[in-house]
**Student:** 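Please read through the structure below; I'll follow up with questions.
Excluded from the calculations below are hydrogen atoms, water molecules and symmetry mates; all remaining heavy atoms, backbone and side chain alike, are included. We count ligands from 1, going down the list as the structure has it; atoms in each ligand are counted the same way.
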Amino acid sequence: MNSGQVNAVRGMNDVAGEQASYFDLLELTARRLLASYGYNHVRLPVVEKTELFCRSIGEVTDIVEKEMYTFNDRNGDSLTLRPEGTAGCVRAAIENSWLNQGAQKLYYMGPMFRHERPQKGRYRQFYQLGVETFGMTDSDIDAELIMISARLWKQLGIEAELLVNSLGSAESRAAYREALTAYFSAHYELLDEDSQKRLHRNPLRILDSKNPALKAVIADAPKLSDWLDEASKTSFSGLLAHLDAVGIAYRVEPTLVRGLDYYNDTVFEWVTTELGSQGTICAGGRYDGLVTQLGGKATPAIGFALGMERVVALMQAKAQPIPAALDVYFIAAGELAQRQVLALAEQLRDTLPAMRLMVHHGGGSFKNQFKKADKSGARFALVLGDNEVAQQQIGIKFLREEAEQLMLAWTELPAWLAKQLAI
Ligand code: ATP
Ligand code: MG
């Protein structure tokens, strides 16, 4: 390797070309969709105090135990690159008194950082779309979040399976935890090292293990559903009724516990088998206790986070058409023409601001420029030579359809383009 070259940090990727176009399409679609449901966009810091994540996510979780990018800044404060967005959003909601302003429906998009083993669908910098709501207890908000995600898949032309479960209240989970500890203690020798470590500190996390060798012992473990209290049962059946009413299919998955500590009652995941082992594209749940845990007044809350790389990979696998990035590619050859082309392009941009127009740079023969025009994905090439300039005309070549090249007067061009492009 060239010793002068500096490469990116492992697991942190550059996104360009087709993948970047799919990211844009996902972001655009999500923004429109969330706005249509009345959700507000918030921009939150990428760095927070380390304590925030330790206190919210839980000490005995993959994230806090081994995945955080934590460092001391120049003042000696311990800071962490956010591994997820919920903690920061709750911090912001408390700090800015959003919680005193009635129910909140918020969303954000941006990079998250976890020191995991990089592999397909698992990176050290990855992007999430996060949606968080505050101040609503009823299961209709749980249902709305699932409906939003279901509609997003529809709009993106992808498919996933919905898994849902109820974790119950903190109290019922404590009772369940005892039963689970007893069960796994009785099968101690079947557990892997990670799970043995978790047995007394956080036995629910064993249910979340990705080790296939543990599948059988987990399948026979006591089910959380048998420990739920009446309020949790009512809320869960309420959610399922809402989903039935709008025809969203789901599977109740008793071992779905989610990897973070702060959830209660509803949890859900959207999974696909098309991405190999990193099949969860979106995950969420209720976290009614987190706001008080972080020093705010008791506020019910529920949200979800979507892994954007994984959704983009699905969109690519389904080869969803991405709209062409350009309408027009403008080429010019000849001294007069090259002097004129930028001014003509600027005039067109004044009259047709919605048109996507790229001017060819770097000169070259018409033949070479036509090749670039073709590759650009544009529908039309505008062609300007010295003759055209002298006559105040312009050539138009159709790049995507069979049609004869045209010659138009400069004055006719804007109206012609507006009609063709329907803008
Ligand atoms: P997993 O079980 O795959 O480790 P998780 O439970 O740690 O996921 P969450 O914290 O719930 O994930 O994050 C929500 C979503 O973000 C995940 O469902 C996934 O789509 C995505 N995600 C999580 N970690 C990564 C990562 N390292 N790289 C890419 N996407 C990720
Ligand atoms: Mg993880």
**Student:** Between ligand 1 and Met308, can you find any atom pair, the residue atom being a heavy atom, that is separated by under 4.0 Å?
**Tutor:**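 Met308: no contact with ligand 1 (<4.0 Å).
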**Student:** Only heavy atoms of Gly307, strictly under 4.0 Å: list the atoms of ligand 1 that pass.
**Tutor:**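 It comes down to these atoms of ligand 1: 15 (C), 16 (O), 20 (O), 21 (C).
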**Student:** Once you restrict to heavy atoms under 4.0 Å, what part of Arg122 touches ligand 1? Side chain, backbone, both or neither.
**Tutor:**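 The part of Arg122 near ligand 1 is both the backbone and the side chain.
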**Student:** Would you check the N or O atoms of Tyr123, main chain and side chain alike, for any that come under 3.5 Å of an N or O of ligand 1?
**Tutor:**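 So ligand 1 has an N or O lying under 3.5 Å from an N or O of Tyr123.
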**Student:** Return the set of residues passing salt bridge (charged side-chain N to carboxylate O under 4.0 Å, His left out) with Glu193 (not counting sequence neighbours), or none when no residue passes.
**Tutor:**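 Here no residue qualifies.
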**Student:** Have a look at ligand 1 and work out which part of Ile281, if any, has a heavy atom under 4.0 Å from it: side chain, backbone, both or neither.
**Tutor:**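 The backbone, only.
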**Student:** Do the numbers put Lys397 on top of the ring of Phe370, so that NZ or CZ is under 6.0 Å from the six-membered ring centre and no more than 45° off the axis?
**Tutor:**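 So Lys397 does make the cation-pi contact.
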**Student:** Hey, is Lys210 touching ligand 1 through its side chain, its backbone, both or neither, going by heavy atoms under 4.0 Å?
**Tutor:**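 The answer is the side chain.
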**Student:** Is there a side-chain contact between Asp327 and Leu357 (heavy atoms, below 4.5 Å)?
**Tutor:**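 Not in contact.
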**Student:** May I ask you to list the atoms of ligand 1 that are less than 4.0 angstrom from any heavy atom of Arg258?
**Tutor:**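 Listed by number with element, the hits are 6 (O), 9 (P), 11 (O).
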**Student:** Specify whether Tyr39 and Tyr37 have parallel, tilted or perpendicular ring planes, treating 30° as the upper limit for parallel and 60° as the lower limit for perpendicular.
**Tutor:**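 Perpendicular, since the angle between the ring planes exceeds 60°.
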**Student:** Please compare Phe126, Phe113, Tyr127 and report which has the shortest non-hydrogen distance to atom 25 (C) of ligand 1.
**Tutor:**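 Closest candidate by heavy-atom distance is Phe126.
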**Student:** List the steps and the verdict of side-chain hydrogen bond (donor to acceptor under 3.5 Å, both in side chains) for Trp270 and Thr280.
**Tutor:** CA-CA 6 Å; Trp270 288 94; Thr280 305; over 6 Å; no
**Student:** Less than 4.0 Å is my threshold; does some heavy atom of Arg114 fall inside it relative to ligand 1?
**Tutor:**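 The answer is yes, since Arg114 has a heavy atom less than 4.0 Å from ligand 1.
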**Student:** Heavy atom under 4.0 Å from ligand 1: found in Met112's side chain, backbone, both, or neither?
**Tutor:**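 None of Met112 does.
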**Student:** Relative to ligand 1, is Gln128 under 4.0 angstrom through side chain, backbone, both or neither, heavy atoms considered?
**Tutor:**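 Within the 4.0 Å criterion, Gln128 contacts ligand 1 through side-chain atoms alone.
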**Student:** Just by modelled atom types, is the Gly364 backbone N or O under 3.5 Å from a matching donor or acceptor in the Asn368 side chain?
**Tutor:**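 Looks like no, no N/O pair under 3.5 Å.
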**Student:** Does the separation of the ring centres of Phe380 and Tyr329 fall below 6.0 angstrom?
**Tutor:**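 Phe380 vs Tyr329: aromatic centres not under 6.0 Å.
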**Student:** Before signing off on this row, confirm whether Glu309 and ligand 1 have an N or O atom pair separated by under 3.5 Å.
**Tutor:**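 No; every N/O pair is 3.5 Å or more apart.
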**Student:** If we ignore angles and hydrogens, is there a donor and acceptor under 3.5 Å between the side chains of Gln155 and Thr29?
**Tutor:**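 No donor-acceptor contact under 3.5 Å links the two side chains.
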**Student:** Just go through Arg310, Arg117, Gln125, Glu67 and tell me whose heavy atom is the nearest to atom 19 (C) of ligand 1.
**Tutor:**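 Closest candidate by heavy-atom distance is Arg310.
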**Student:** Less than 4.0 angstrom from a charged side-chain N to a carboxylate O is my criterion; do Lys66 and Asp62 meet it?
**Tutor:**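 A salt bridge links Lys66 with Asp62.
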